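Have a look at the structure below, then the notes.
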There are 2 protein chains.
Amino acid sequence: MAASIEDVARLAGVSIATVSRALRGLPDVATATRDRVLDAATELHYVASPFAARLASGRTATVGLVVPWVNRWFFAEVIDKVETALRTSGYDLLLYNLGDARGRGRFFEQLPMRKRVDAMLIASLVMDEQEFTALGALPYPVGLLGMRRPGFLSTCIDDVAGARTAVEHLLERGHRRIGLIGGDADDPMRYTPPLSRHDGYRDALAAAGIEADPQLEAVGYFTVEGGAEAAARLLALPHRPSAIFAESDEMAYGALRSIARAGLRVPEDVAVIGFDDHVLAELMDLSTIRQPVAAQALDITTRLLAAVADPDLVDTEAVTMPTELIVRATTGTFRPGG
Amino acid sequence: MAASIEDVARLAGVSIATVSRALRGLPDVATATRDRVLDAATELHYVASPFAARLASGRTATVGLVVPWVNRWFFAEVIDKVETALRTSGYDLLLYNLGDARGRGRFFEQLPMRKRVDAMLIASLVMDEQEFTALGALPYPVGLLGMRRPGFLSTCIDDVAGARTAVEHLLERGHRRIGLIGGDADDPMRYTPPLSRHDGYRDALAAAGIEADPQLEAVGYFTVEGGAEAAARLLALPHRPSAIFAESDEMAYGALRSIARAGLRVPEDVAVIGFDDHVLAELMDLSTIRQPVAAQALDITTRLLAAVADPDLVDTEAVTMPTELIVRATTGTFRPGG
């Protein structure tokens with residue numbers, strides 16, 4: 001005989017209303033309570049009802065997550081943390097990796113057709129007016145991670161300030177000729193960090209009265225290999241930089257490799273600072289700008305699910321989380337001319 | 001006026017049947033042709049039909065991918081490559097991260113309810129009879145990545161042979177006291193590599209007439225931090241190992257850190273070999289066993305989609321891909337006593 005919702009409530013020791021809310025994945029049920037309800041439902045093989053309830057409510061219990069890349073550290077962390085937060089609330093994750101400009105175009109063209117989610121979360125994409133208009137017209141809540149926009153729920157860090165802090169640290173160490181390894185400003189994927197971190201780099205130089213030298217800015221495509229090639233180009237300059245700011249730790253690792261292969265020392269010949277505090281940054285003794293990825297992912301996911309639960313709740317607050325300078329051996333204590 | 005399928009066929013310069021097949025995401029359409037059709041459909045705003053066609057066919061154009069973890073290198077690569085292969089064929093990816101034993105239990109309990117996918121791909125999970133029975137009863141194709149099982153479509157490497165090769169390499173270098181950093185055999189997530197790679201380690205020692213010493217086997221949980229702690233325990237032994245085989249490069253990186261912090265040299269005091277050929281392995285000069293992740297993911301995804309397109313096609317072939325020993329500086333040329 002099939003178990004009833006009353007059976008589940010009795011076994012879990014909660015009210016029928018709580019069972020219903022827990023099984024529908026609404027966010028205002030305590031995690032421990034939800035676990036108890038789901039365990040009871042599982043034990044009693046009461047599995048059909050949550051899905052039936054979702055169908056009845058018109059909900060899919062699925063959230064779409066849009067990322068420009070999957071296998072770069074920041075995005076793998078975002079996917080992991082968002083998925084965990086969703087699963088805890090009974091939601092599945094539908095992953096959209098845009099992949100390239102063509103995939104991006106198709107995604108936004110077909111957006112109105114994507115009725116299979118209860119909410120959509122977009123990570124670190126620079127979007128044009130048309131794309132924001134398409135998102136704003138969706139019949140479900142949309143959240144932005146790693147960027148902000150008036151009228152949209154968002155959680156991000158201040159990429160400009162983080163980059164400025166990195167470059168100011170190099171300036172304080174006495175460096176004046178500071179190279180940049182960043183993203184491709186003309187990348188059709190247009191993700192946000194390369195633009196903002198480039199601004200922070202230029203801001204810090206300008207504030208120190210140093211004229212930006214385009215020769216010192218190399219594109220590293222946010223990969224280890226790209227960072228290695230960009231650093232090799234900077235090191236081959238007639239007047240090479242004494243320090244490099246890489247807009248991601250993965251590019252910084254590539255830079256460290258090129259510096260070692262050129263027979264140069266870190267930080268004596270070239271200092272290096274990255275961005276992220278990647279899982280291997282401590283191992284590599286890499287100075288960096290730490291950003292709280294898990295906290296950003298949890299914050300936006302929680303607020304997005306609250307908006308799903310109560311569509312009348314208009315929360316378009318823009319949350320900005322702090323970054324932190326982490327000084328390790330790659331920026332050492334060396335002061336050129338000091 | 002809404003565009004018709006005839007309009008799309010005319011613009012793309014293909015037959016109506018080809019448009020239909022391309023929009024339904026069937027795998028026997030050339031990528032260039034599919035791109036042309038999708039571009040034409042996009043240009044003509046012919047977006048409703050593919051979804052309508054899928055609904056009519058009872059298909060969801062979605063494949064479920066089940067992973068024990070998201071943010072470990074192997075699984076991030078798998079997600080990336082599977083997603084790319086799916087997207088190229090017009091499929092979306094629904095990501096199931098089991099997360100913990102509780103999540104795993106629920107996933108399998110609720111499996112019969114998961115009707116929202118056209119196929120399911122399971123990555124590197126040791127499953128019991130009950131779980132395999134649940135999978136086998138699903139009304140859609142199921143593929144296994146990183147493991148094999150009679151009756152199931154699968155693609156994997158030979159983890160036992162790969163681990164044996166790693167340990168044989170250390171034996172050839174003259175090492176006799178070889179430590180192992182592996183996974184937790186009692187981990188309720190039960191993913192496959194720790195068991196198979198442990199077997200390969202024991203096999204190689206036995207073939208060399210060396211009795212396994214349980215003291216030399218430490219659990220590193222397949223993370224950098226876990227590898228560092230496991231190595232620290234091995235190095236603190238009264239008679240420490242002269243070499244360490246870590247079952248993943250990420251654990252090997254942790255081991256390198258602990259060795260350096262103990263004031264020991266690699267490979268003179270302790271040689272290290274990993275497993276994977278992670279993106280940073282070359283940078284770290286880490287010897288390792290390379291496995292073809294992208295090729296495995298593409299192979300299983302392609303064959304899984306072929307099974308979706310033609311359910312009569314009974315392909316339960318088990319494909320095993322080769323691994324390769326990559327010798328770098330961490331196993332050097334040092335021969336203890338040599």
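Only a predicted model underlies this, so the values are computations on that prediction, with no experimental measurement involved. In what follows, chains are A, B, ... by sequence order, proteins preceding strands, each numbered from 1. The analysis underlying the following values was restricted to heavy atoms, covering all of them including side chains, and did not include hydrogens, waters or symmetry mates.
- Ranked by non-hydrogen atom pairs under 4.5 Å with chain A, the options B:Met284, B:Glu225, B:Arg87 are led by B:Arg87.
- Between chain A and the options B:Leu256, B:Val224, B:Asp35, B:Val279, heavy-atom pairs under 4.5 Å are most frequent for B:Asp35.
- Aromatic ring centroids of B:His278 and B:Phe74 lie 6.0 Å or more apart.
- Residue contact with chain B, scored on non-hydrogen atoms closer than 4.5 Å, involves the side chain of A:Leu280 exclusively.
- A salt bridge is defined here as a Lys NZ or Arg NE, NH1 or NH2 lying under 4.0 Å from an Asp or Glu carboxylate O, and B:Arg72 with B:Glu77 fails to meet this definition.
- The pair A:Arg261-B:Glu282 meets the salt-bridge criterion, with a side-chain N (NZ, NE, NH1 or NH2) lying under 4.0 Å from an Asp/Glu carboxylate O.
- Chosen from A:Ile79, A:Thr62, A:Thr223, A:Val70, the residue pairing most often with chain B at heavy-atom distances under 4.5 Å is A:Val70.
- A salt bridge links B:Asp39 with A:Arg106: the distance from a Lys NZ or Arg NE/NH1/NH2 to an Asp or Glu carboxylate oxygen falls below 4.0 Å.
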